[in-house]
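Each remark here refers to the structure printed beneath this line.
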Amino acid sequence: SNLCNSCFNCVCDLVKPVFSRICIEGNIASGKTTCLEYFSKTSNIEVLTEPVSKWRNVQGHNPLALMYQDPARWGLTLQTYVQLTMLDRHLSTVAAPVRMMERSLYSAKYIFVENLYRSGKMPEVDFAVLSEWFEWIIKNIAIPVDLIVYLQTSPQTCYERLKRRCREEERVIPIEYLESIHNLYEDWLIKQTSFKVPAPVLVIPADHDLQKMLQQYEENREKILTTGRA
Ligand SMILES: Nc1ncnc2c1ncn2[C@@H]1O[C@H](COP(=O)(O)OP(=O)(O)O)[C@@H](O)[C@H]1O
Ligand SMILES: O=c1ccn([C@H]2C[C@H](O)[C@@H](COP(=O)(O)O)O2)c(=O)[nH]1
């Protein structure tokens, strides 16, 4: 057990882990990266931002842009790659007692794949293949999460922040898209009526200005950073 207690990466159930794995969840442009940037200034925290740069450039191709241009054709392509890069993030060697990660393998499937499928933009066969991949992964590989921090926003707030951020691929996103993502998040993490929630959820209202957000992060610092720790 000495070995387990001193090893951040051990996933055995015999001893309580001495580390915690936190996922920051929320709609597009809800403020996840800003939240991670804030906590990255704390020592002993490892911060893993979403692999968006990979989704915009895989061997010279941009599956994120392709998906927004033609979701029915490229949704499977993007989401297969998102699933791979998320799995890689979850399984990478833990480097500090607290790990904060932007989104997760779970939200890729329960929010984004689900949204493509429900909106009629993903063919049934693509959805079936992705679902079998996902089910195989979570059945055969431990993907432990100790806490989900949900940045809860209104779709309107995200729409305004998204427009200001000006990411080229996202110019085509209408407010209705953000409303669908919002509703899927609410069903999953607040109502808890859609899919299994893999960890306790801490909800932080995130429509506020930056100053108020930082104040809330300070108020919740202990709760967030001590979750899952022995
Ligand atoms: N509380 C806030 N108030 C106003 N603008 C914000 C706030 N938090 C983040 N932003 C801005 O909104 C945009 C999206 O924030 P970001 O942290 O990148 O969101 P996400 O990572 O969830 O997509 C960025 O331009 C960021 O500077
Ligand atoms: O499974 C996924 C996850 C993310 N996306 C899209 C949504 C956004 O355009 C970007 C991520 O940006 P954030 O600002 O960090 O939310 O990637 C997706 O299509 N599928």
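Values in this document were obtained by computation on a predicted structure and should not be read as measured data. Remember, it's 1-based here, ligands and their atoms both numbered in the order they're listed. All residue numbers in this chain count up from 1 along the given sequence. All values below were derived from every heavy atom in this structure, side-chain atoms included, with hydrogens, water molecules and symmetry-related copies excluded.
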Going by distance only, is there an N or O of Gly31 that falls short of 3.5 Å from an N or O of ligand 1? yes
Decide whether an N or O pair under 3.5 Å exists between Arg165 and ligand 2. yes
Work out which heavy atom in Glu186 is nearest to a heavy atom in Gln152; give both atom names and the distance. OE2-NE2, 2.9 Å
Which protein heavy atom lies closest to atom 4 (C) of ligand 1, and at what distance to 0.1 Å? Arg161 NE, 3.7 Å
Neighbour count above 12 (heavy atom, 6.0 Å) for Lys223 NZ: no
Between Arg167 and ligand 2, is there a nitrogen or oxygen pair with a distance under 3.5 Å? yes
If the cut-off is 4.0 Å to any non-hydrogen atom of Glu102, which atoms of ligand 1 fall inside it? 21 (O)
Could you say whether the N/O atoms of Tyr68 and ligand 2 ever approach to under 3.5 Å? yes
Under 4.0 Å from a heavy atom of Leu210: give me the atoms of ligand 1 that qualify, with their elements. 1 (N), 2 (C), 3 (N)
Considering only non-hydrogen protein atoms, determine which one is nearest to atom 20 (N) of ligand 2 and report residue, atom name and distance to 0.1 Å. Gln79 OE1, 2.8 Å
What about Phe195 and Trp188, are their ring centers closer than 6.0 Å? no
If I apply the N/O under 3.5 Å rule, does Glu50 come out as touching ligand 2? yes
Is there a side-chain contact between Gln83 and Leu105 in this structure, where contact means two heavy atoms from C-beta onward sitting under 4.5 Å apart? yes
Less than 6.0 angstrom separating the ring centers of Phe127 and Phe134, yes or no? no
Heavy atoms only, cut-off 4.0 Å: how does Ser30 contact ligand 2, side chain, backbone, both, or neither? neither
Taking Ser30's backbone N and O only, do any of them form a donor-acceptor pair with Asn27's side chain (distance below 3.5 Å, no angle check)? no
If you compare Asp209, Thr153, Thr34, Leu151 by their heavy atoms, the one closest to atom 9 (C) of ligand 1 turns out to be Thr34
Quick one, Val129 and Ser131 - any side-chain contact, counting heavy atoms below 4.5 Å? no
Is Arg165 salt-bridged to Glu170, cutoff N-O under 4.0 Å? yes
Is there a heavy atom of Glu102 sitting under 4.0 angstrom from any atom of ligand 2? yes
Over 12 non-hydrogen atoms of neighbours within 6.0 angstrom of CD in Glu124: no
In this structure, does ligand 2 have an atom that sits under 4.0 Å from one of the heavy atoms of Arg103? yes
Protein contact of atom 8 (C) of ligand 2 - nearest heavy atom, named by residue and atom, plus distance: Glu170 OE2, 3.2 Å
Sub-3.5 Å donor-acceptor pair from the side chain of Thr157 to the main-chain atoms of Asp207, do we have one? no
Which class fits the ring pair Trp133 and Trp136: parallel under 30°, tilted 30 to 60°, perpendicular over 60°? perpendicular
Examine distances only and state if a side-chain atom of Asn115 and a backbone atom of Ile181 form a donor-acceptor pair shorter than 3.5 Å. no
Under 3.5 Å, side chain of Gln192 to main-chain N/O of Leu189, donor-acceptor pair present? yes
Numbered in order shown, the ligand 1 atoms found under 4.0 Å of a heavy atom of Arg164 are 5 (N)
Any idea which atoms of ligand 1 are less than 4.0 Å away from a heavy-atom of Arg165? 18 (O), 19 (O), 20 (P), 23 (O), 25 (O)
Do Ala29 and ligand 1 have an N or O pair less than 3.5 Å apart? yes
Heavy-atom nearest option to atom 1 (N) of ligand 1, drawn from His208, Glu170, Glu37: His208
Please list, in number order, the atoms of ligand 2 under 4.0 Å from a heavy atom of Leu64. 6 (C), 17 (O)
Protein contact of atom 4 (C) of ligand 2 - nearest heavy atom, named by residue and atom, plus distance: Trp55 CZ3, 3.4 Å
Neighbour count >12 (heavy atoms, 6.0 Å) for atom CD, Glu219: yes
Give me the residue, atom name and distance of the protein heavy atom closest to atom 19 (O) of ligand 2. Leu78 CD2, 3.4 Å
Out of all atoms in ligand 1, which are within 4.0 Å of some heavy atom of Thr33? Include the element for each. 17 (O), 18 (O), 20 (P), 21 (O)
If you measure from each non-hydrogen atom of Met213 to ligand 1, which part falls under 4.0 Å: side chain, backbone, both or neither? side chain
